[in-house]
Amino acid sequence: MYTPEPDICHELIGHVPLFADPAFAQFSQEIGLASLGSPDEYVEKLATCYWFTVEFGLCRQNKELKAYGAGLLSSFGELQYCVSDKPKVLPFEPSKTGEQKYPITEYQPIYFESDSFEQAMEQMK
């Protein structure tokens, strides 16, 4: 399901367009900066929130569920799966999302959605 690193398709299709957006790039940088000098437990929670936003984030646009995470945008199969009725979709709440365990070699059984990407950024502050 996942290609071995480095995965140039994931980088070019998933991350490059998102990092071209200044707000998205700033969000990613702020997560990285927040991890500097932090205890491992806090870094793990930040990494998990990063996973469920930058990599596998969902949001609503005109009441329709949309993917914005790079892991979703670069995977045709998981992109279809994430907006189907198969996975569980929960509201993005950093304190709860940061505790969620996740698989790295299969489709996610759980995704987190925000009303918008901007809302997810605000919630992380």
Side-chain angles (χ1 to χ4, degrees):
M1 292 203 185
Y2 291 94
T3 56
E5 297 290 332
D7 180 358
I8 195 67
C9 291
H10 170 75
E11 301 303 328
L12 291 176
I13 295 170
H15 286 297
V16 170
L18 296 172
F19 289 143
D21 179 289
F24 195 93
Q26 182 68 30
F27 173 68
S28 183
Q29 183 176 14
E30 286 175 9
I31 290 177
L33 292 173
S35 73
L36 297 176
S38 296
D40 289 346
E41 181 180 299
Y42 183 73
V43 172
E44 186 175 333
K45 289 178 183 179
L46 280 173
T48 300
C49 286
Y50 187 93
W51 179 266
F52 284 114
T53 55
V54 175
E55 292 292 345
F56 293 94
L58 298 174
C59 65
R60 295 274 169 187
Q61 184 178 44
N62 299 323
K63 299 182 181 179
E64 189 176 350
L65 194 58
K66 300 280 186 167
Y68 68 84
L72 297 172
L73 299 177
S74 63
S75 170
F76 178 78
E78 191 159 9
L79 185 56
Q80 288 183 317
Y81 169 82
C82 76
V83 296
S84 74
D85 61 355
K86 293 177 184 166
K88 182 185 258 186
V89 178
L90 301 172
F92 177 72
E93 298 175 39
S95 62
K96 292 180 182 176
T97 303
E99 301 289 334
Q100 180 64 49
K101 301 298 180 206
Y102 54 88
I104 62 170
T105 59
E106 58 190 55
Y107 293 169
Q108 301 302 302
I110 298 173
Y111 298 93
F112 293 89
E113 74 163 289
S114 297
D115 287 338
S116 66
F117 172 70
E118 291 78 16
Q119 179 194 34
M121 288 192 309
E122 281 301 311
Q123 287 177 281
M124 288 293 292
K125 291 184 178 182

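Residue numbers run from 1 in the order of the sequence given.
In the hydrophobic clustering of ILVMFWY residues, with side-chain heavy atoms under 4.5 Å counting as a link, Ile104 and Ile110 come out together.
Put simply, the side chain of Ser35 gets close to the backbone of Gly32: a donor and an acceptor are under 3.5 Å apart. For the pair Glu113 (side chain) and Gly57 (backbone), a donor-acceptor distance under 3.5 Å is absent.
In this structure, the separation between OG on Ser116 and CD on Glu122 is 9.0 Å, given to the nearest 0.5 Å. Residue Tyr68 holds its OH atom at 6.5 Å from SG of Cys59, rounded to the nearest 0.5 Å. Here the straight-line distance linking atom CG of Leu46 with atom CE of Met124 works out to 5.5 Å at 0.5 Å rounding. Rounding to the nearest 0.5 angstrom, the gap separating the CD atom in Glu99 from the NZ atom in Lys101 is 7.0 Å. With values rounded to the nearest 0.5 angstrom, Gln100 atom CD is found 11.0 Å from Cys49 atom SG. Here the CE-CD distance, from Met121 to Gln119, works out to 11.0 Å after rounding to the nearest 0.5 Å.
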Ignoring hydrogens and angles, write down the donor-acceptor pairs under 3.5 Å from the side chains of residues 82-96, residues two or more places apart or on other chains.
residue, atom, partner, partner atom, Å
Ser84, OG, Tyr81, O, 2.7
Ser84, OG, Lys86, N, 3.2

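Considering only heavy atoms from C-beta on, Leu73 comes within 4.5 Å of Leu18 through its side chain. Residues Arg60 and Leu65 form a side-chain contact, since some pair of their non-hydrogen atoms from C-beta on lies under 4.5 Å apart.
Minimum interatomic distance between Ala67 and Leu72 (heavy atoms only, all atoms of both residues): CB-CD1, 3.7 Å. Scanning both residues, Ser75 and Tyr107, for their nearest heavy atoms gives OG-CE2, 4.5 Å.
Every residue two or more places apart in sequence or in another chain that forms a ring pair (Phe, Tyr, Trp, His ring centres under 6.0 Å) with Phe52 is listed here: Tyr102, Phe112. Qualifying ring pair (Phe, Tyr, Trp, His ring centres under 6.0 Å) partners for Phe19, counting only residues two or more places apart in sequence or in other chains: His15, Phe24.
Note on ring orientation: taking the six-membered ring where Trp is involved, the planes of Phe56 and Tyr111 are tilted (angle from 30° to 60°).
Around atom CD of Glu44, no more than 12 heavy atoms belonging to other residues, nucleotides or ligands sit under 6.0 Å away.
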